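Heads up, the thing below is written out as structure tokens.
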Amino acid sequence: MENSLFIGLIREEKLPHDNRVAFSPRQCQWITEHYPQVQIAVQPSPHRCFRDEEYRKAGITLQEDLSHCQLLLGIKEVPANRLIPDKTYLFFSHTKKKQPHNRDMLRTILKKNITLVDYECLVHPDGQRILGFGFFAGIVGAHNGLLAFGKKTGSYTFKPVHTCHDFQELISQYFGVKLPPMKIVVTGSGRVAAGVLEIMGLLGIKYLPPEEYLVNQYAYPVYTQLKAGELYLRREDKTYSRSDFHAHPENYECRFLPYVTVSDILMNGIYWDHNIAPLFSPDDLRKENFRIRVIADITDDTHGSVPCNLGDSTIDNPVYGVVKDTMTQTTPYLPDTVDMMCVSNLPNELPRDASQYFGDQLMKYVFEELMKPDSPMIENATIAARGALTPNYAYLEDYVQG
């Protein structure tokens, strides 16, 4: 690949259209300046957060036909009929857990002799994922949660994120906003939680250790953060080990309950699978002392760690109410309900910044690996190579056969 490498940024064709992209115009410009052997072509798109004109101004070729490119980069799954034979694609394929709705796409990839590298499977040597939009999901989710609480209480107002051009415009509205006293509990310690904490910092909401948060009252807004080791303890000996928790979550109990009686807002950023105990039960929700009024379920698992997540909301209608007694959906912002913010595509509300951030990680950690004739990092993330499943992903054979 040393001689010359042609990269294509494909148009997002999956519906509803995603507005994010792997590289911004300035990032494309930077790559072509620093790697003269690389040429980038961008497929025109009316939905992308960076307009075609912005790429043109940056000196990047716009081209409908990308058949000359060896590497094609997208974000979401590519519809089967849009896949070009014999190419290498990078996108989030959502196939490694045998997701049924993507089986046909993977079959087509194999049939068309395509190599598929999945962003989700690109990891650092210690197993940490390299790429993801979690940080911006956290930022948008935290803002949406606070926006909902302001509407519910009538005590302050914020603009919705998707009406802001970018992150800069979003945070310019924070200056001078005086928030009422409120208690916010944040769960998780990954990228989503990092995004939530960014918003807490920008708004000057004060951090408290869990033990102080539980017992004291404050005249200003405060938050605490519960990482997995504070939320889940082994039933037997009340200890926590990350590897053991991920292997045997059913042996752990959840210690969240005291927080439902003292918190106004829950911002949920914790990893969840169906063997992990939920944060509280429907019965807890019905009790008099359940104080939480708004839940921003940023990790957003329907009936998951938050049992009153009754399904996804949308960017245009991000919040719905839940009647506590019956766990049924109702209109938002009523006095005695709990309001749920369960938008599944939060980073799409700040697509320019989310794309910029994503492209940045891609350039720092993945780009040079893509230029090497062989790279263990790329190899481990390759689900299919030239029309066959790779050894790491051979377990998908029965899924493909269907």
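Computed from a predicted structure; not experimentally measured.
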Exercise for the section: List the steps and the verdict of side chain to side chain contact (heavy atoms under 4.5 Å, CB included) for Ile109 and Tyr89. Expected result: CA-CA 10 Å; Ile109 284 170; Tyr89 277 88; over 6 Å; no
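- A 4.5 Å side-chain heavy-atom check between Met377 and Leu122 finds at least one atom pair inside the cut-off.
- Ring centroid separation for the pair Phe133 and Tyr357 does not come in under the 6.0 Å cut-off.
- Salt bridge status for Lys96 with Asp118: absent, with no side-chain N to carboxylate O gap under 4.0 Å.
- The side-chain heavy atoms of Phe149 and Met182, taken from C-beta on, include a pair separated by under 4.5 Å.
- The minimum heavy-atom distance linking Asp301 with Trp272 is given by the pair OD2-CB, 3.5 Å.
- The heavy-atom pair separating Glu253 from Lys238 by the smallest distance is OE2-NZ, 3.1 Å.
- When only modelled atom types and interatomic distance are considered, Gln29 and Glu33 share no side-chain donor-acceptor pair under 3.5 Å.
- Minimum heavy-atom separation, Leu266 to Val306: CD2-CG2, 4.2 Å.
- If you check the side chains of Asn268 and Ser305, you find a donor sitting under 3.5 Å from an acceptor.
- Contact detail for Cys308 and Val322: the closest heavy-atom pair is O-CG2, 3.6 Å.
- Taking the six-membered ring for Trp and thresholds of 30 and 60 degrees, Tyr395 and Tyr393 have ring planes inclined between 30 and 60 degrees apart.
- Proximity of Val366 to Gln361: side-chain heavy atoms (C-beta onward) are nowhere separated by under 4.5 Å.
- At least one side-chain heavy atom of Asn309 sits less than 4.5 Å from a side-chain heavy atom of Met340.
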Exercise for the section: Walk me through it: do Leu279 and Leu231 pass the test side chain to side chain contact (heavy atoms under 4.5 Å, CB included)? Expected result: CA-CA 8 Å; Leu279 295 176; Leu231 266 177; 4.1 Å; yes
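- A donor-acceptor contact under 3.5 angstrom links the side chains of Tyr35 and Glu368, judged on distance only.
- Residue Glu236 qualifies as open at atom CD: its count of foreign heavy atoms under 6.0 Å is 12 or below.
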Exercise for the section: Check the pair Asp360 / Lys364 against salt bridge (Lys or Arg N to Asp or Glu O under 4.0 Å), numbers first and verdict last. Expected result: CA-CA 6 Å; Asp360 217 34; Lys364 277 181 200 158; 3.5 Å; yes
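- If you check the side chains of Ser281 and Asp283, you find no donor sitting under 3.5 Å from an acceptor.
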Handout entry: Audit row: Glu13, Arg11, salt bridge (Lys or Arg N to Asp or Glu O under 4.0 Å) steps and yes/no
Key = CA-CA 6 Å; Glu13 304 271 13; Arg11 178 168 55 237; 3.2 Å; yes
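- Using a 4.5 Å cut-off on side-chain heavy atoms (C-beta onward), Leu90 and Leu370 make contact.
- Just one residue in the list Phe136, Phe135, Tyr119, Tyr365 forms a ring pair (Phe, Tyr, Trp, His ring centres under 6.0 Å) with Phe358, and that residue is Tyr119.
- We find the SG-CG distance between Cys49 and Leu350 to be 10.0 Å, quoted to the nearest 0.5 Å.
- Between the side chains of Lys227 and Thr187, no donor-acceptor pair is found at a separation under 3.5 Å.
- Of the residues Ile75, Val21, Val78, Val42, the one that meets the side chain to side chain contact (heavy atoms under 4.5 Å, CB included) test with Ile10 is Val78.
- For the 3.5 Å distance criterion, the side chains of Thr261 and Asn289 fail to qualify, holding no donor opposite an acceptor.
- Applying the 6.0 Å contact sphere to CZ of Arg26 captures no more than 12 heavy atoms from other residues, nucleotides or ligands.
- Salt-bridge check for Arg56 with Glu54: failed, with every basic side-chain N at 4.0 Å or more from each acidic carboxylate O.
- Counting heavy atoms of neighbouring residues, nucleotides and ligands inside a 6.0 Å radius, atom CZ of Arg286 exceeds 12 of them.
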Exercise for the section: Show your working on salt bridge (Lys or Arg N to Asp or Glu O under 4.0 Å) between Asp264 and Arg293 and close with a plain yes or no. Expected result: CA-CA 5 Å; Asp264 301 295; Arg293 303 178 69 190; 5.8 Å; no
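- If you check the side chains of Glu349 and Asn144, you find a donor sitting under 3.5 Å from an acceptor.
- Checked by atom type and distance alone, the side chain of Asp104 never pairs as donor or acceptor with a backbone atom of Arg107 at under 3.5 Å.
- Seen from the ring of Phe290, Lys324 does not count as a face-on cation partner, given the 6.0 Å and 45° thresholds.
- If you check the side chains of Tyr55 and Ser24, you find no donor sitting under 3.5 Å from an acceptor.
- The closest side-chain donor-acceptor pair between Ser344 and Asp300, if any, does not fall under 3.5 angstrom.
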Practice task
Please step through salt bridge (Lys or Arg N to Asp or Glu O under 4.0 Å) for the pair Lys151 and Asp339, ending with a clear verdict.
Solution key: CA-CA 10 Å; Lys151 281 194 174 179; Asp339 281 330; over 6 Å; no
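- Of the residues listed (Arg352, Glu12, Lys76), the one engaging Arg20 in a side chain to side chain contact (heavy atoms under 4.5 Å, CB included) is Lys76, and it is the only one.
- For the residue pair Asn348 and Asp18, a side-chain donor N or O sits within less than 3.5 Å of a side-chain acceptor on the partner.
- Note that CD1 of Ile40 and CD of Gln27 are 9.5 Å apart. Values are rounded to the nearest 0.5 Å.
- Proximity of Gln356 to Phe23: side-chain heavy atoms (C-beta onward) are nowhere separated by under 4.5 Å.
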Practice task
Evaluate the side chain to side chain donor-acceptor pair (under 3.5 Å) criterion for residues Thr337 and Lys152: first the C-alpha distance (whole Å), next the side-chain angles of each, then the deciding distance (0.1 Å), finally the verdict.
Solution key: CA-CA 10 Å; Thr337 54; Lys152 195 172 183 79; 3.1 Å; yes
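- To the nearest 0.5 Å, atom CZ of residue Arg103 and atom CD of residue Gln401 are 10.0 Å apart.
- You'll find the side chain of Lys206 stays beyond 4.5 Å of the side chain of Pro221, heavy atoms only.
- The two residues Thr299 and Ile270 come nearest to each other via the heavy atoms OG1-O, 3.3 Å.
- With ring centers used as reference points, Tyr174 lies under 6.0 Å from His143.
- The two residues Ile298 and Ala137 make their nearest non-hydrogen contact at CG2-O, 3.5 Å.
- For the 3.5 Å distance criterion, the side chains of Glu77 and Asn102 qualify, holding a donor opposite an acceptor.
- Residue Arg242 qualifies as open at atom CZ: its count of foreign heavy atoms under 6.0 Å is 12 or below.
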Exercise for the section: Please report the C-alpha distance between Val343 and Thr314 in whole Å, then the side-chain angles of each, then the deciding distance to 0.1 Å, and finally whether the side chain to side chain contact (heavy atoms under 4.5 Å, CB included) criterion is met. Expected result: CA-CA 5 Å; Val343 176; Thr314 62; 6.0 Å; no
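- More than 12 heavy atoms of other residues, nucleotides or ligands sit less than 6.0 Å from atom CG of Asp273.
- Taking the side chain as every heavy atom from C-beta outward, Tyr259 and Ile292 never approach each other to under 4.5 Å.
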Practice task
Any chance you could lay out the side chain to side chain contact (heavy atoms under 4.5 Å, CB included) test for Val222 and Ile184, step after step, and finish with the verdict?
Solution key: CA-CA 6 Å; Val222 298; Ile184 302 167; over 6 Å; no
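- In the displayed structure, Lys57 atom NZ is contacted under 6.0 Å by at most 12 heavy atoms of other residues, nucleotides or ligands.
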